[in-house]
Amino acid sequence: MEKVFNPTSIEKSWYQKWEDNGYFQASGTGTPYCIMLPPPNVTGTLHMGHAFQHTIMDSLIRYKRMQGNNTLWQAGTDHAGIATQMVVERQLIADGKTRHDLGRDAFIDKVWDWKEESGNTITKQLRCSGASMDWTRERFTMDEGLSKSVTEVFVRLHEEGLIYRGKRLVNWDPVLHTAVSDLEVNSAEEDGHMWSIRYPIVGEDGYLIVATTRPETMLGDSAVAVHPDDERYKHLVGKMIQLPLTGREIPVIADDYVDPEFGTGCVKITPAHDFNDAEVGKRHNLPQINIFTIDARINDEAPEHYRGMGRFDARKMIVEDLKGEGLLEDIKDHKLMVPRGDRTHAVIEPFLTDQWYVKAEPLAKPAIEAVESGKIKFVPGNWDKTYYEWMRNIEDWCISRQIWWGHRIPAWYDDQGNIYVGRTEAEAREKNNVSADVELKQDDDVLDTWFSSALWPFSTLGWPEKTPELETFYPTSVLVTGFDIIFFWVARMIMMGMKFMDGEVPFKEVYIHGLVRDNEGHKMSKSKGNVLDPLDLINGIELEDLVKKRVTGLMQPQMAPKIEFSTRKNFPDGIAAYGTDAMRFTFASLATTGRDIAFDVGRVEGYRNFCNKLWNAARYVLSNTEGEDTGINSDDVILSTADRWIISKLQSVTTEVQAAMDNYRIDLASHAIYEFIWDEYCDWYIELSKTVLYNSEDEKVLRGTRQTLIKVLEETLKLLHPITPFITEEIWQRVAPLAGIEGDTIMLQPYPEFNQESVDKEAEADIEWVKTFLIGIRRIRGEMNISPGKPLPVLLADSSELDLQRLETNRVNVTKLGKLESITILSADDQAPESATAIVGNMKVLVPMAGLIDKDAELARLNKEKDKIDKELAKVQGKLNNPNFTDRAPEAVVNKEKAKAEEFVTSLKIIEEQITKIESL
RNA sequence: AGGCGCGUAGCUCAGUGGUAGAGCACUACCUUGACAUGGUAGUGGUCGGUGGUUCAAUCCCGCCCGCGCCUACCA
């Protein structure tokens, strides 16, 4: 083995081997365990969020697989309608073309080409992250089977009246020329103005003043509303208003919607361009006057000289014109919430169109109950509140999109505009008795991408067919996803799953993880220039390449210098090739529930070092066992105390890791293994094993230590494998034969189980004694500035039988590891020389000071120790002197405190004696 | 406006009703035959503030301060 762990050379080949050998496929035996991969955008690339999420899922899947479950990790990608179409359209624009130049069929061909070309990027990158998903079952939301599911669901919902077509206001993206759902609109506060406009009253001299943030919509006003109880305007209700600039007359109406306290208490009502106004309009039978084209330009409903103008230009002109007519009361600066499309960032326009909707409430009801009843559990639990909040106030879902890339809506129209829905055109005709000579035209629209995503848990398993996979793996075990798509995806999967799988939930648990942010807690984004690419953490990147990557293709090129500066500052040496395992371990250790993670590259480095530590431990083990007699298949061995101790400790860590994994606490699992490997196995056990391997001549003892080194390492590798698959496989391949284990891969080995028989409390206590002894010596060395290599004579005073017994079994250990020259046992009568002291229980470990130790330094050391114990003792005694405590606290707690007090008193006594002794020198 | 969450060492974060922990960073010493991507020892915290419950609160409850997110919004 190489001296230094080199991830690149290790990781190369394993994934291919695993995949080629079919290790990722469900075994067909054991309890079914299934995770659905949240399908990434087929034309996308891997980002930190994926890497984080996939680390969690892969750790769970590998863990469950090793435990003997029938595990399926369902792979696949999403067609991501709008996002993908935009990418291809952008490519066309580069050639000076639009999709309309190509026509629908040619354009869709082009998108498929692009999907083929780039679609493998994401799946290749997924493989780099070690994700053990079943590629043989890979699905795409627009492949044949899934498209069939989509049609089936649409038709069935339509038959039940749960999908309908309606004309109403939608969120319209004037750049994309499509409707989008509420969820695809993000509102944010922006600076704007509030214009107050005078609306003359017909037949009177006065006017009403209305305030608006969107003066251009006045062209579509149908009324002015006041509050019914507003005394100021009561007399005007029913009168008419001369709507400026249009020549139209509109009524004054009374409606509770108006807040009399706000502004003048008069509101212009524009039912075709505002969601609230539409409601008011409905109540008062007001006409909806649409004044916009699909580009949000003024249409022919408006006075001629505004026609064709963009909405923002029209706004300017209208304000000017009002000013010219003396109808502009005033203009104030005003902050308002501006809705923008999440893809285009264009201001979304409430727009009157015909769209398809899913009636949400009947579907939401059982979906709410599924969570209330505990059939679906959120982890962490508090996310159910978010879910309920959304589901209980759910609005009908607009599912039609006026784009080309997606599942075309299975509805046909005749020339009278009648609608016929069917799985095919033929079925649509048949069901509705439409004869063959009537010409039908299919709806041009496609479905919202999330419509097909909502079916993912059962469509990928073969629904509507009753496949064995569906039978076996539905309901799936856990869904791992970010809170940002609870509404987009999780809620809709639950609704659709309950609906089409006979009330069965799509998954039993939903593990919600946080967002991956940069090391300062900021959201990673191209425009901020703080994006990390998981592949760069794995493979490394030179500074210059990193800078280049971050500053090219910026929407705001003026940010480039700032980004370059911070990049050079944060990564002066670029990024080292830390490897997949180190990256995964980092994500695992940060995977605490319910919290975003601030990703610090320093952590990755630390865990790369951990990999190196493990690597070198393995190197030590192998170099001392390969070609040696390990007695692996014989009982003719003697286990040392240290052997029995580490085996016992292995049981604890196994329990701890399993408990953590079972509770989705991958962070705790990774910490437990980290500590075991570094702090127990490497720091203590390997060091203790050296005293055997380098000194013992007893073959049985040697065999015992050799086989313990091997066996514990082998088990530890298995414990760790779900988190860091590559390094564990690489080492395991060398270690397993020595451990007498057959198998082609660590992946399919049984996961370690707690074994009561291996628990050895006596050995644990013995090694604790050794540790205390050695730490005491090291402290004296460290604080007295005694060189680590200098052999020390040591005296033991007040030693008990047990101490002496432990000394005998561990004499070599303490001598070698403590670099002791000699150990002398003092009897009660012996006069101890002036010494530095360490305390092991009731025993004093003395290092004579002659020529070694500085008096003042030792006094300082002792006094520091004394202060510490004084404080602790005072605390404990305070408790014990409080009758409330001794009376009311549980006996066990009181006894514990008493024991502590005794211990402190003893230690204090020893230390005080020492202080007196040394002071008198 | 409503909801959720966070505030623990310089930084990033665990944690527990009963002596505050880790990684990184920092200080000193050490190239000892797995590993300097290392070893040994050490520095560092009134656990945001304030009341309450309790024998005992960093942990449970109330209020306050600061920060973040989500949902819905008054033209």
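Below, each value reflects all heavy atoms present in this structure, side chains not excepted, and no hydrogens, waters or symmetry copies. Within every chain, numbering begins at 1; the chains are lettered A, B, ... in the order of the sequence lines, protein sequences first and strands thereafter. None of the values given here were measured: they were computed from a predicted structure.
- Between B:rC74 and A:Asn276, a contact under 4.0 Å exists linking OP1 or OP2 to a side-chain N or O.
- B:rC59 is unpaired under the Watson-Crick or G-U wobble criterion, no partner having all donor-acceptor distances under 3.5 Å.
- Nucleic acid contact class of A:Pro883 (heavy atoms, under 4.0 Å, all strands): none.
- At distances below 3.5 Å, at least one donor-acceptor pair connects side-chain atoms of A:Asp596 with backbone N or O atoms of A:Leu515.
- The C1' atoms of B:rG38 and B:rC47 are separated by 33 Å, rounded to the nearest whole Å.
- Between the C1' atom of B:rG18 and the CG atom of A:Asn895 lies a distance of 13 Å, rounded to the nearest Å.
- A distance of about 8 Å separates the C1' atoms of B:rA20 and B:rG45, rounded to the whole Å.
- Note: A:Phe676 and A:Tyr681 have tilted aromatic rings, judged against thresholds of 30 and 60 degrees for the angle between ring planes.
- Of the candidates B:rU19, B:rC4, B:rU43, B:rC4 carries the atom nearest the A:Asn382 side chain, counting heavy atoms from C-beta on.
- For A:Lys268, no side-chain nitrogen or oxygen approaches OP1 or OP2 of B:rA75 to under 4.0 Å.
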What is the per-nucleotide protein-contact pattern of nucleotides 27-40 of chain B, from the 5' end, where B denotes a base atom under 4.0 Å from a protein heavy atom, S denotes such proximity for sugar-phosphate atoms only, and - denotes neither? ------BBBSBSSS
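- Of the possible donor and acceptor atoms, one in the side chain of A:Asp274 sits under 3.5 Å from a partner among the backbone N and O of A:Asn276.
- In this structure, the side chains of A:Leu720 and A:Leu614 come closer than 4.5 Å at one or more pairs of heavy atoms.
- By the 6.0 Å contact criterion, CD on A:Glu395 is open, its count of non-hydrogen atoms from other residues, nucleotides or ligands being 12 or less.
- The aromatic rings of A:Phe52 and A:His513 stand perpendicular to each other, their planes meeting at an angle above 60°, with 30° marking the opposite boundary.
- Counting any heavy atom pair closer than 4.0 Å across all strands shown, A:Glu897 reaches sugar-phosphate atoms only and no base atom.
- Heavy atoms of A:Lys523 sit nowhere under 4.0 angstrom from any nucleic acid atom.
- Under the 30°/60° scheme for interplanar angles, the aromatic rings of A:Phe585 and A:Phe610 are found to be tilted.
- In this structure, A:Tyr257 places its OH atom 8 Å from P of B:rA75, rounding to the nearest Å.
- Taking atom CD of residue A:Glu656 and atom C1' of nucleotide B:rG15, one finds them 12 Å apart after rounding to whole Å.
- No donor-acceptor pair under 3.5 Å is formed between the side chain of A:Asp277 and the backbone N or O of A:Pro271.
- Annotation: B:rU19 and B:rC11 have their C1' atoms spaced 27 Å apart (nearest Å).
- With contacts defined as side-chain heavy-atom distances shorter than 4.5 Å, the pair A:Arg283/A:Asp255 qualifies.
- Rounded to whole Å, atom C1' of B:rC70 lies 15 Å from atom CD1 of A:Ile485.
- Pair assignment for B:rU46 gives none, since no Watson-Crick or G-U wobble pairing has each distance under 3.5 Å.
- Rounded to whole Å, the distance from CG on A:Asp274 to P on B:rC74 is 7 Å.
- To the nearest angstrom, P of B:rU19 lies 16 Å from CD1 of A:Ile869.
- B:rU12 sits 16 Å from B:rC26 when the C1' atoms are compared, rounded to a whole Å.
- Checking B:rA41 for Watson-Crick or G-U wobble geometry (two distances, each under 3.5 Å) identifies B:rU27 as its partner.
- For B:rG66, the paired nucleotide is B:rC6, the pair qualifying as Watson-Crick or G-U wobble because both relevant distances are below 3.5 Å.
- Nucleotide B:rC13 forms a pair with B:rG21, judged by Watson-Crick or G-U wobble geometry with both contacts under 3.5 Å.
- Aromatic ring centres of A:Tyr607 and A:Tyr674 lie closer together than 6.0 Å.
- The nucleotide B:rU54 finds no pairing partner, because no Watson-Crick or G-U wobble arrangement with both distances shorter than 3.5 Å includes it.
- In this structure, A:Ile775 places its CD1 atom 14 Å from C1' of B:rG42, rounding to the nearest Å.
- B:rA1 sits 49 Å from B:rU43 when the P atoms are compared, rounded to a whole Å.
- Taking atom CG of A:Asn881 as the reference point, atom C1' of B:rA56 lies 15 Å away to the nearest angstrom.
- Using a 4.0 Å heavy-atom distance criterion, A:Glu389 is classed as making no nucleic acid contact.
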I'd like a list of close polar pairs between nucleotides 9-14 of chain B and the protein, N/O only, cut-off under 3.5 Å.
{"residue": "B:rU12", "atom": "O2", "partner": "A:Arg603", "partner atom": "NH1", "Å": "3.2"}
{"residue": "B:rC13", "atom": "OP1", "partner": "A:Ala598", "partner atom": "N", "Å": "3.4"}
{"residue": "B:rA14", "atom": "OP1", "partner": "A:Thr592", "partner atom": "OG1", "Å": "2.6"}
{"residue": "B:rA14", "atom": "OP2", "partner": "A:Arg595", "partner atom": "NH1", "Å": "2.5"}
{"residue": "B:rA14", "atom": "O3'", "partner": "A:Arg665", "partner atom": "NH2", "Å": "3.3"}

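- Atom CZ of A:Phe599 and atom CG of A:Asn519 lie 10.0 Å apart (nearest 0.5 Å).
- Using a 4.0 Å cut-off, no side-chain N or O of A:Lys868 falls inside it from OP1 or OP2 of B:rG42.
- For the C1' atoms, the distance from B:rA9 to B:rA72 is 41 Å, rounded to whole Å.
- Taking the side chain of A:Phe262 as heavy atoms from C-beta on, and the options B:rU43, B:rA75, B:rG18, the nearest nucleotide is B:rA75.
- Nucleotides of RNA chain B nearest to A:Lys335 and A:Glu675 differ in position, and the one nearer the 5' end is that of A:Glu675.
- Here the separation of B:rU40 from B:rC24, taken at their P atoms, is 12 Å to the nearest Å.
- Atom P of B:rG33 sits at a distance of 25 Å from the matching atom of B:rG23, rounded to the whole Å.
- Of the nucleotides present, none pairs with B:rA34 by Watson-Crick or G-U wobble criteria with both distances under 3.5 Å.
- Between the side chain of A:Glu11 and the backbone N or O of A:Thr580 there is at least one donor-acceptor pair closer than 3.5 Å.
- Contacts of A:Val258 with the nucleic acid, taken as non-hydrogen atoms under 4.0 Å apart, include base atoms.
- A ring-ring contact (aromatic ring centres under 6.0 Å, His included) with A:Tyr511 is found for one member of A:Tyr664, A:Phe378, A:Trp383 and no other, namely A:Tyr664.
- Using a 4.0 Å heavy-atom distance criterion, A:Tyr607 is classed as making no nucleic acid contact.
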